[in-house]
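Notes follow the structure.
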Amino acid sequence: VLKTNTMKLLSAIILTLLCLSQHASSQVVVAARYVSNNSDAYDEIYQTTDALTSGVEVGLGYWFRLKNKRMEFTPEVSYTALSGADNISGSSINVNFNTLIYPLDFHSDCDACPTFSKEGGLVKKGFHWIISPGLIMNSSSHDDGREFDNTTWRVGVGAGLDIGLTNLITIAPFAVYNFGGGYDLLSTMDDAKYRQFHIGLRSTFRFDKNRW
């Protein structure tokens with residue numbers, strides 16, 4: 001169950017991203033991920049097995065890039081819903097600063113990549129490494145009334161492939177492994193580290209005037 005102040009924070013962050021995306025010519029990013037969650041900390045807290053093992057995460061962000069290098073950035077706010085055994089539910093609000101690095105085309109000034117209107121192979125233009133530092137605000141609860149909340153950091157590393165559908169729309173399947181600080185939910189769980197694996201799809205809508 002998300003707390004009132006957390007919802008207010010989420011609303012403020014989303015509003016900020018929307019304002020920034022308008023300023024950046026409506027270069028909006030929408031992402032959805034399947035989440036495989038390491039639930040060891042929750043297993044001990046709720047005294048069960050497989051407490052919160054999987055879920056989905058959806059995010060909204062905006063896109064910008066370096067001018068002369070193939071390095072792109074997609075700051076994002078996302079929401080994760082987790083489920084598992086014994087009537088336990090969990091969720092988190094996440095702030096991610098996704099950095100995309102294109103090693104096969106790094107020195108290119110390919111402003112319109114990876115659209116099919118430009119020459120070059122799909123893998124060369126579209127393959128990228130992902131580095132994603134961020135902040136997560138966790139909340140979980142059991143039907144018996146037990147609740148736990150905490151905030152911690154995470155860093156994701158992975159890879160993706162841009163596929164240009166049109167001059168305005170790009171989709172990218174990706175996979176990311178996330179690790180981070182301890183949950184710190186109980187004094188006995190200080191060493192319970194954050195571990196998640198994400199596989200998902202990112203859609204980028206770049207409504208730049210020079211792309212029409």
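Just so it is clear, the values below take in all heavy atoms, side chains as well, and ignore hydrogens, waters and symmetry mates.
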Those residues that, when tested against Leu135, pass side chain to side chain contact (heavy atoms under 4.5 Å, CB included) (two or more places apart): Thr151
Worked verdict on Leu104 versus His128 for side-chain contact (heavy atoms from CB on, under 4.5 Å): CA-CA 8 Å; Leu104 304 179; His128 54 273; over 6 Å; no
Determine whether Met71 and Arg65 make a side-chain contact, defined as any pair of heavy atoms from C-beta on separated by less than 4.5 Å. no
Using a 4.5 Å cut-off on heavy atoms from C-beta on, say whether the side chain of Gln27 contacts that of Phe205. no
Tell me whether Asp105 is salt-bridged to Lys125, with the criterion being a basic N under 4.0 Å from an acidic carboxylate O. no
Could you check whether any side-chain heavy atom of Arg202 comes within less than 4.5 Å of a side-chain heavy atom of Val29, counting everything from C-beta outward? yes
Taking the side chain as every heavy atom from C-beta outward, state whether Thr152 and Asn138 have any pair of such atoms under 4.5 Å apart. yes
To the nearest 0.5 Å, what is the distance between OG (Ser92) and CG (Leu82)? 6.5 Å
For residues 30-39, pull every pair meeting salt bridge (charged side-chain N to carboxylate O under 4.0 Å, His left out), keeping only residues two or more places apart or in separate chains. Arg33-Glu57, Arg33-Glu76
Could you tell me the separation between the OG atom of Ser141 and the CZ atom of Phe148, rounded to the nearest 0.5 Å? 10.5 Å
Excluding sequence neighbours, so at least two apart, what forms side chain to side chain donor-acceptor pair (under 3.5 Å) with His198? Asn178, Gln196
How close do Tyr46 and His142 get, counting heavy atoms only, and between which atoms? CE2-CB, 3.7 Å
Atom CG of Leu165 and atom OG of Ser203: how far apart are they, to the nearest 0.5 Å? 8.0 Å
Could you go step by step and tell me if Asn98 and Ser132 meet the side chain to side chain donor-acceptor pair (under 3.5 Å) rule? CA-CA 4 Å; Asn98 306 309; Ser132 179; 2.5 Å; yes
Test applied, side-chain contact (heavy atoms from CB on, under 4.5 Å); reference residue, Trp63; option that passes from Thr74, Thr170, Val28: Thr74
Identify, with sequence neighbours excluded, every residue that meets ring pair (Phe, Tyr, Trp, His ring centres under 6.0 Å) alongside Phe73. Phe64, Phe97
Going by the rule ring pair (Phe, Tyr, Trp, His ring centres under 6.0 Å), which residues pair with Phe197 if we only count those two or more places apart in sequence or in a different chain? none
Residues which pass side chain to side chain donor-acceptor pair (under 3.5 Å) with Tyr34, listed by chain and number, not counting sequence neighbours: none
Does any non-hydrogen side-chain atom of Pro173 lie less than 4.5 Å from one of Ile163? yes
Salt bridge (charged side-chain N to carboxylate O under 4.0 Å, His left out) contacts in which one or both residues fall within residues 131-140, not counting sequence neighbours: none
Indicate whether the side chain of Asn94 and that of Ser78 have a donor and an acceptor atom separated by less than 3.5 Å. yes
By the rule that ILVMFWY residues connect when side-chain heavy atoms come within less than 4.5 angstrom, directly or transitively, which residues belong alongside Phe174? Leu100, Tyr102, Ile130, Val176
So, Arg195 versus Asn37: side-chain donor-acceptor pair below 3.5 Å or not? no
Could you tell me which residues satisfy side chain to side chain donor-acceptor pair (under 3.5 Å) with Thr204, sequence neighbours excluded, listed by chain and number? none
Taking the side chain as every heavy atom from C-beta outward, state whether Ser140 and Ser89 have any pair of such atoms under 4.5 Å apart. no
For Val58, what are the other residues in its hydrophobic cluster, where any two members join if their side-chain heavy atoms are less than 4.5 angstrom apart? none
Show me the side-chain donor-acceptor pairs of residues 49-56 shorter than 3.5 Å, one per line, residues at least two apart or across chains.
none

Is there a side-chain contact between Tyr62 and Pro75 in this structure, where contact means two heavy atoms from C-beta onward sitting under 4.5 Å apart? yes
Leu161: which residues meet the side chain to side chain contact (heavy atoms under 4.5 Å, CB included) condition with it, sequence neighbours left out? Leu122, Phe127
Side-chain contact test, heavy atoms from C-beta onward, threshold under 4.5 Å: evaluate it for Arg206 versus Ile169 and give yes or no. no
